[in-house]
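Here the structure comes first, spelled out in structure tokens, and everything after it is commentary.
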Amino acid sequence: MGDVIQEQRRHSPAWWAQFPDKSERFDAAFLTEGLGDLITARISSPLLRREAELGLEIMVRHLKKPTSDELAGRARTGVERLSVTVDRLQERSGDAFALAEAHALVHLLNGRFGEAACAAEEFAPAQAILRVFIGALRIERFDTDMAVKMLAVGHEPAAALRSGMIVGKYSWWPSWLLKIIIEQAMAGVLDDAIVAALDTCAYAELSPAQARIARRLLAGEADLIDISAARLESLGEAGAAEKLRQGDLTTVALAARLVLT
């Protein structure tokens, strides 16, 4: 799946703040380092950028070893020094926008992840910020491209993350099944029934012709459903035929195999 996605609106701090709650394995050090790198790279003043990098480095070290009192003290000192520097520069210039990157980093180093991400969207690619936040969740077997694409077109984090986990879990499926699940997710209609039906199809080892029938049945083609149901009845599968007519997607694989038998 390509990385090209449409330009997206700026999200609120509260929207970004949802992500840490979506995983028990949320890695604050990963997020701070990744987002911090995106932010500091945009600071134009070499001296301010160097001070920002030093503050970021010690904070990341502290977050990786939170029990170290020495690192905790040095991290606090680094954040305070950077904050004082940014405030002094703003007083001199009177232009907060000119220091947007530094302000974003101050938010980040103070653990205000939502505010930091919201501010960073003004000057950093939203896609890159999303990837950092998703990576910080430390979710195994996850399709990041799927989640980022859904988030970019307006889906809520819970739905995007769920779809990313599903696609990651079933990445071994044939490409035609993965295409269906991606289409369903992007349309906002992916549910457990569809996932179960696709999983059944994946294990059914359908031929290319049968796969095309299954895809059309999953798309809800009424005429084909009637034909397939009639074929099932003629083969003594009246129960499966009735389920197919009622929209039970778990019968799709059976119908696709028997229709072309």
Side-chain angles (χ1 to χ4, degrees), residues 3 5-23 26-66 71-138 144 147-148 151-154 156-157 160-161:
D3 284 341
I5 58 177
Q6 70 181 50
E7 187 68 22
Q8 73 172 45
R9 59 184 170 80
R10 184 176 176 182
H11 297 96
S12 69
W15 188 89
W16 286 106
Q18 297 177 73
F19 285 87
D21 296 331
K22 300 301 181 183
S23 172
F26 173 71
D27 189 337
F30 181 97
L31 176 61
T32 301
E33 184 172 21
L35 185 54
D37 286 344
L38 290 175
I39 294 172
T40 54
R42 297 298 184 110
I43 298 176
S44 57
S45 167
L47 291 177
L48 181 58
R49 183 171 62 250
R50 181 54 182 160
E51 186 169 336
E53 289 171 344
L54 291 173
L56 174 62
E57 179 184 1
I58 190 61
M59 179 57 72
V60 171
R61 290 177 61 190
H62 161 55
L63 292 173
K64 289 181 177 179
K65 294 183 178 181
L71 288 176
R74 291 176 60 190
R76 284 194 300 271
T77 300
V79 174
E80 291 169 358
R81 182 184 298 114
L82 180 62
S83 298
V84 170
T85 299
V86 173
D87 289 342
R88 184 174 65 250
L89 290 174
Q90 185 174 325
E91 289 177 1
R92 290 178 181 176
S93 67
D95 186 359
F97 183 77
L99 294 167
E101 297 87 355
H103 282 295
L105 187 64
V106 170
H107 281 310
L108 178 64
L109 298 186
N110 279 290
R112 298 189 292 267
F113 301 134
E115 288 84 350
C118 178
E121 277 190 286
E122 287 289 344
F123 51 83
Q127 178 185 173
I129 301 172
L130 284 170
R131 289 184 179 278
V132 171
F133 268 74
I134 291 173
L137 300 181
R138 297 297 194 189
T144 299
V148 169
L151 291 166
V153 298
E156 288 301 310
L161 294 174

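Expressed to the nearest 0.5 Å, how far CD of Glu115 lies from NE2 of His103 amounts to 14.0 Å. Atom CG of Leu54 and atom CZ of Arg74 lie 10.0 Å apart (nearest 0.5 Å). Atoms NZ and CG, from Lys22 and Leu137 in turn, are 10.0 Å apart once rounded to the nearest 0.5 Å. Ile58 CD1 to His62 NE2: the interatomic distance, rounded to the nearest 0.5 Å, is 9.5 Å. Note that the CD atom of Glu101 and the CG atom of Leu48 stand 9.0 Å from one another [nearest 0.5 Å]. Interatomic distance, OG1 of Thr85 versus CD of Gln90, reported as 13.0 Å (0.5 Å rounding).
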Fill in: Residues Phe19, Val132; criterion side-chain contact (heavy atoms from CB on, under 4.5 Å); working and verdict
CA-CA 11 Å; Phe19 285 87; Val132 171; over 6 Å; no
Practice prompt. Decide side-chain contact (heavy atoms from CB on, under 4.5 Å) for Leu105 and Val86; before the verdict, give the C-alpha distance in whole Å, the side-chain angles of both, and the deciding distance to 0.1 Å.
Written response: CA-CA 10 Å; Leu105 187 64; Val86 173; over 6 Å; no
Discussion item. If you apply the rule side-chain contact (heavy atoms from CB on, under 4.5 Å), what do you find for Val60 with Leu56, and how did you get there?
Written reply: CA-CA 6 Å; Val60 171; Leu56 174 62; 3.9 Å; yes
Fill in: Evaluation steps, side-chain contact (heavy atoms from CB on, under 4.5 Å), between Phe26 and Leu31
CA-CA 9 Å; Phe26 173 71; Leu31 176 61; 3.6 Å; yes
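Closest non-hydrogen pair, Thr40 versus Arg49, comes out as O-CD, 3.2 Å.
Under the 4.5 Å side-chain criterion, counting only non-hydrogen atoms from C-beta, Phe30 is not in contact with Leu63. Here the side chains of Arg131 and Ile134 are not in contact, with every heavy-atom distance at 4.5 Å or above.
Although no hydrogens or angles enter the test, the distance criterion places a donor-acceptor pair under 3.5 Å between the side chain of Gln18 and the main chain of Trp15.
Ring-plane geometry between Trp16 and His11 is classed as perpendicular, the angle between the planes exceeding 60 degrees on a 0 to 90 degree scale with a lower cut at 30.
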